[in-house]
Amino acid sequence: MSQAIGNAERLLEATIRRKSDTVAQALEAVHEECSSVLTYNDENSLACAIYIAYYTAKNYYKIIRELPTGKGFADYAFIPGKDTDKPAMIIELKYDKDADTAIRQIHENRYAGDLMDYFGNLLLVGINYDKDAKGMNAKRHSCVIEKV
């Protein structure tokens with residue numbers, strides 16, 4: 001349990017520091033560990049892995065899944081508490097597309113909404129899972145992190 005908590009803290013720190021490759025690798029490991037072979041290849045399974053991977057973020061954020069904002073719903077919004085200097089985050093998940101598409105969707109649908117003005121620092125996080133990635137070095141999970 002202490003290892004999982006440490007991993008969650010390191011993942012949150014890597015996200016805040018915009019270390020996209022580190023975030024993608026960590027999420028891939030959690031997705032692999034916590035998903036069944038029957039449900040691994042769907043976006044909801046990835047969403048559940050995100051919640052588990054960022055478990056300790058609840059100490060700093062109010063985490064909202066499917067936040068209604070802009071022209072739709074942001075997959076995850078991490079709204080920082082008053083006693084933290086951590087940035088707000090919008091996380092958009094994609095399945096068999098790419099992480100850049102997730103970032104574009106955040107912009108096009110204005111998911112950041114009022115969070116940009118109210119909370120100051122904001123990170124947009126696009127995460128993609130590619131079920132058809134081939135080869136030993138193929139990246140099944142990819143991540144793009146943009147500071148706004």
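Rounding to the nearest 0.5 Å gives a distance of 11.5 Å between CD1 of Ile106 and CZ of Arg104. A distance of 8.5 Å separates CD in Glu9 from CD in Glu13, rounded to the nearest 0.5 Å. Atom CG in Leu27 sits 7.0 Å away from atom SG in Cys143 (nearest 0.5 Å). Atom CZ of residue Arg10 and atom OG1 of residue Thr56 lie 10.0 Å apart, to the nearest 0.5 angstrom. Put simply, OH on Tyr55 and CD1 on Ile5 are 7.0 Å apart, with the number rounded to the nearest 0.5 Å. The CD1 atom of Ile90 sits 6.5 Å away from the OG1 atom of Thr69 when rounded to the nearest 0.5 Å.
Looking only at atom types and distance, the side chain of Thr101 has a donor-acceptor partner in the side chain of Asp98 under 3.5 Å away. Side-chain polar atoms of Gln105 and Tyr111 form a donor-acceptor pair below 3.5 angstrom.
Looking at every heavy atom in both residues, Ala49 comes nearest to Val30 through O-CG1, 3.6 Å. Between Thr15 and Leu123 the shortest heavy-atom distance is O-CD1, 3.6 Å. Taking all atoms of both residues into account, the shortest heavy-atom contact from Leu11 to Ala26 is CD1-CB, 3.9 Å. Listed here is the closest heavy atom pair of Ile145 and Ser20: N-OG, 3.5 Å. Closest approach of Gly126 and Ile103 over heavy atoms only: N-CD1, 3.4 Å. Between Cys48 and Arg65, the shortest heavy-atom contact is SG-NH1, 4.4 Å.
Counting heavy atoms from C-beta outward, His141 and Gln25 have side chains that stay 4.5 Å or more apart. The side-chain heavy atoms of Ile50 and His31, taken from C-beta on, include no pair separated by under 4.5 Å. Using a 4.5 Å cut-off on side-chain heavy atoms (C-beta onward), Ile127 and Lys94 make no contact.
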Test side chain to side chain contact (heavy atoms under 4.5 Å, CB included) applied to Lys147 and Leu122, step by step
CA-CA 6 Å; Lys147 185 176 181 180; Leu122 174 65; over 6 Å; no
Glu146 vs His107, test: side chain to side chain contact (heavy atoms under 4.5 Å, CB included). Steps then yes/no.
CA-CA 11 Å; Glu146 181 180 297; His107 284 293; 2.6 Å; yes
Steps toward side-chain hydrogen bond (donor to acceptor under 3.5 Å, both in side chains) verdict (Arg140, Tyr129):
CA-CA 6 Å; Arg140 295 177 68 98; Tyr129 163 68; 2.7 Å; yes
Would you sort out whether Tyr54 and Phe78 count as a side chain to side chain contact (heavy atoms under 4.5 Å, CB included), showing the intermediate values?
CA-CA 10 Å; Tyr54 284 100; Phe78 285 54; 4.0 Å; yes
Go through it in stages, so that I can follow the logic: the residues are Lys86 and Leu12, the test is side chain to side chain contact (heavy atoms under 4.5 Å, CB included), and I'd like the CA-CA distance, side-chain angles, deciding distance and then a yes or no.
CA-CA 10 Å; Lys86 300 206 181 305; Leu12 180 58; 4.1 Å; yes
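Lys58 NZ: more than 12 foreign heavy atoms inside a 6.0 Å radius.
Tyr61 places a side-chain N or O within 3.5 Å of a backbone atom of Pro87 that can act as its donor or acceptor partner. Using a distance-only test at 3.5 Å, with no hydrogens or angles considered, a donor-acceptor pair links the side chain of Asn128 to the main chain of Lys97.
Hydrophobic clustering keeps Ile64 apart from Phe73 (ILVMFWY residues linked when any side-chain heavy atoms are closer than 4.5 Å, directly or through intermediates). Under the 4.5 Å side-chain heavy-atom criterion for grouping Ile, Leu, Val, Met, Phe, Trp and Tyr, Ile52 is not connected to Val125 through any hydrophobic cluster.
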